[in-house]
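Okay, structure first, notes after.
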2 protein chains.
Amino acid sequence: MNITDYLAESPLFKGLNSENYKELAGIVMERDMKRGQFIFNEGDEGVGFYVVASGLVKIYKLSFEGKEQILHILGPGEPFAEVAVFTGMNYPANAMALEQSHLFFFPRTSFIHLLKKNPSLAMNMLATLSLRLKQFTHMIEALSLKEVPGRLAAYLLLLSSQNNDAATVKLSIAKTQLASLLGTIPETLSRILTRMNNQQYIESKGADISLLNRQALDDLASGEKRLE
Amino acid sequence: MNITDYLAESPLFKGLNSENYKELAGIVMERDMKRGQFIFNEGDEGVGFYVVASGLVKIYKLSFEGKEQILHILGPGEPFAEVAVFTGMNYPANAMALEQSHLFFFPRTSFIHLLKKNPSLAMNMLATLSLRLKQFTHMIEALSLKEVPGRLAAYLLLLSSQNNDAATVKLSIAKTQLASLLGTIPETLSRILTRMNNQQYIESKGADISLLNRQALDDLASGEKRLE
DNA sequence: CGCTGCGTTGAGCTTCTTCAACGATCGTGG
DNA sequence: CCACGATCGTTGAAGAAGCTCAACGCAGCG
C-alpha cells in the first residue's frame, strides 16, 4: 500500500482526483514515533499538520501543577494540528504518541499553496474542521453539565455505538488516559467503575466492559439519574 | 452604511474583492431579533449560518435539568453556526439574542455554491473556523484544569487586554450569564467576586470592575495560586 | 405600587480531589 | 529464568470546592 492509498482513506482527502493525490504525495513527509515520544509541544511554531497513518496519538493540555486534560485521541486516518496551518499561530496544545506510530506530515506553506488551487480540498478541510468543532461542543457540554458518571456512561455508549452497538466494548486506551479524557483522575474513575458494577449497569474485566443496562447508562448520560 | 460595508468588517469576509461582496450581498437575508428571542434551537435543521450586524447573541447548551452552559457570546461582525453549513447536520446548540439584534443570514446551499468558485472565501472560512477551534481548546482547558477563581481571573484579564489593558473593565453581559459562560452558577460567582474584593485583587461596583492586583489575578489564572 | 429578574448571603450537603498505601502486571536486565 | 522496578489500577480516609435550597434586598418597569 503506497502513500496515496493511505491518504485516500482519510476523510480529509476523500473524493479528490488522482492529480490531487499526486500533489499531496509530493509535499508529504513521513515520521516514525515511539510510544511516549513528543510530536510537538504547546507553543511550538505551527509549521504544519499531521495525519495518523498507523498508531495512536493524544492531544492534551497541562495545568500548572502538571494535571493533564486530553483533548483528542487520534487513530489511523485522522488529522491533527490543522488549526496551526490556518491560524499561522503556534500549536495550542501538546501531542504525544501513545504507541508506536507512523505519521504523515504536511508542511504549512506547501499545503496552503495546494489549497488555493483546489476548492474541493478546501471544502474537505472545512467539513473536517466543522466536525471537530462539533465534537468540542459536546466535550464542553459534557465537562460543564454532566457529572463524571454521566460522562463515563456517555463514553461507553459512544464506544458501543461505534461497534454496531456491541454488548461488550474494549477500551483502546489505558484507564489513566481515559480519566484524563473525561476530565477527572484515575481514582475517581476507578471508584465509579466499581459503583457501576455494583449497580449491575456494567460488568468490567480489565479493558473489557459489558454494558448490562443500557437504559440506566442512558439516564446517567442525560443527567436524568444519579449513580447510587 | 450598506450591507457590503458591514460584511467587509467581518474577519470572515476580509480581503475579498468587490465582486465577491456583491455575490454575498445577493444571497444574504436580514433578520431582526428582540431580546430573549430564539434564533434557532439545538436539533433544528442547519439551513444556514449568521453574522451579527448589531446586538449580542449567545450560543448555549442546556442540561437535562435546564442548567445552561454558554459556549459563545457574539457581537457585531462575528459569525455563528457555520458548522451546520459544512457538516450538513442539525444545529448542535441553541442561539438566543441577548439584546435587540440585527442579523445577516446566509442560506446553506447558496453559500456553498459561492465557496466552490471562490478559494479566498474558503481560506477566510478556514482561518475563522481554526481560530474558533483554538478558543474552544482554551475553554476546555479552563473548564477542566482551572478552578472557578482562575477562570474568572482569566476572563477579567482578557476583557482588560481587549481594552488597551484598561484598569477598569465593564461587563457587557449580566453576571448570571457570566456565571454560565464560566461554567458555574451565579451564587458561586458572587461569592468569588466578594473574596476577590476582600483580597483587594479587584474592586467591583455592579458591572464595573477595577483590576487592582494584576499579578495576583495572573497567578490565579495560571493555577499558580489559590484564592483565600 | 407591586411584580419580576437579578444579585447576594447563609447553611448544609454532595461530589470530587488529595494523599497515602498496596497489589498486579509487564518488560527488562542481571 | 527470576528478580526487580516501573507503571497502572484500586482502595481508604480526610478535606476542599462548588452546588442546592432558601431567604432577602434591590432596581427597573409596567
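Computed from heavy atoms alone, side chains included, the values below leave out hydrogens, waters and symmetry copies. Lettering follows sequence order; numbering is per chain, from 1.
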Next item on the list: Classify the side-chain pair B/Y50/B/R31 by whether it contains a donor and acceptor separated by less than 3.5 Å.
Entry: yes
Next item on the list: Please say whether more than 12 non-hydrogen atoms of neighbouring residues, nucleotides or ligands are located less than 6.0 Å from CG in B/N164.
Entry: no
Note to self: Counting only side-chain heavy atoms from C-beta out, which of D/dA17, C/dG7, D/dT10 sits nearest to B/E147?
What the structure shows: D/dA17
Margin query: Under 4.0 Å from OP1 or OP2 of D/dA17: is there any side-chain N or O of B/R226 that close?
Written below: yes
Next item on the list: Round to the nearest Å and state the distance from B/N198 atom CG to C/dT8 atom P.
Entry: 13 Å
Notebook entry, point to check: Atom CD1 of B/I185 and atom C1' of C/dG10: how far apart are they, to the nearest Å?
Noted result: 13 Å
Check: How long is the line joining CG of A/L145 and P of D/dG18, in whole Å?
Finding: 17 Å
Notebook entry, point to check: In terms of side-chain geometry, is the basic nitrogen of A/K61 or A/E42 positioned less than 4.0 Å from the acidic oxygen of its partner?
Noted result: yes
Item checked: Spacing between B/I192 atom CD1 and C/dG7 atom C1', to the nearest angstrom -> 15 Å
Next item on the list: Return the value, rounded to whole Å, for the distance between atom CG of B/L193 and atom P of C/dT9.
Entry: 10 Å
Notebook entry, point to check: Can a salt bridge be assigned to the pair A/E141 and A/K146 using a cut-off of 4.0 Å between side-chain N and carboxylate O?
Noted result: no
Using atom names, set out every protein N or O paired with an N or O of nucleotides 22-29 of chain D below 3.5 Å, distance rounded to 0.1 Å.
none

List, with names and distances, any nitrogen or oxygen atoms from the protein found under 3.5 Å away from nitrogen or oxygen atoms belonging to nucleotides 22-28 of chain C.
none

Checklist line | side-chain contact (heavy atoms from CB on, under 4.5 Å) involving B/R132 - partner list, sequence neighbours excluded | finding: A/L133, B/H72, B/L74, B/P79, B/F80, B/E82
Check: Has B/R195 got more than 12 heavy atoms of other residues, nucleotides or ligands less than 6.0 Å from its CZ?
Finding: yes
Item checked: ring pair (Phe, Tyr, Trp, His ring centres under 6.0 Å) partners of B/F49, counting only residues at least two apart -> B/F106, B/F111
Margin query: Can you tell me if B/T194 touches the phosphate of C/dT8, counting only side-chain N or O atoms and a distance under 4.0 Å to OP1 or OP2?
Written below: no
Note to self: Test of understanding: with side-chain hydrogen bond (donor to acceptor under 3.5 Å, both in side chains), list the residues that count as partners of A/S204, not counting sequence neighbours.
What the structure shows: A/N197
Notebook entry, point to check: For B/R151 and B/T184, does a side-chain donor sit closer than 3.5 Å to a side-chain acceptor?
Noted result: no
Margin query: Salt bridge check, A/R226 against A/E147: does any charged N sit closer than 4.0 Å to a carboxylate O?
Written below: yes
Next item on the list: For A/T188, report the nucleic acid contact type (base, sugar-phosphate, nothing); a contact means any heavy atom under 4.0 Å.
Entry: base
Next item on the list: Measure from the side chain of B/T184, starting at C-beta and using heavy atoms only, and say which of D/dC19, C/dC16, D/dT10 lies closest.
Entry: D/dC19
Notebook entry, point to check: Given atom CG of A/L182 and atom C1' of D/dG9, what is their separation to the nearest angstrom?
Noted result: 16 Å
Item checked: B/Q69 and A/S144 side chains, donor-acceptor separation under 3.5 Å -> yes
Check: For A/K67 and C/dT18, is the shortest distance between a side-chain N/O and OP1 or OP2 below 4.0 Å?
Finding: no
Margin query: Expressed as a whole number of angstroms, how long is the span from B/L98:CG to C/dG5:P?
Written below: 16 Å
Checklist line | Rounded (10°) bend between the five-pair end axes of the helix from C/dC1-D/dG30 to C/dG30-D/dC1 | finding: 30°
Note to self: Between P on D/dC19 and CG on B/L189, what's the gap in Å once rounded to a whole number?
What the structure shows: 10 Å
Item checked: Heavy atoms of other groups near A/Q200 CD, more than 12 under 6.0 Å -> no
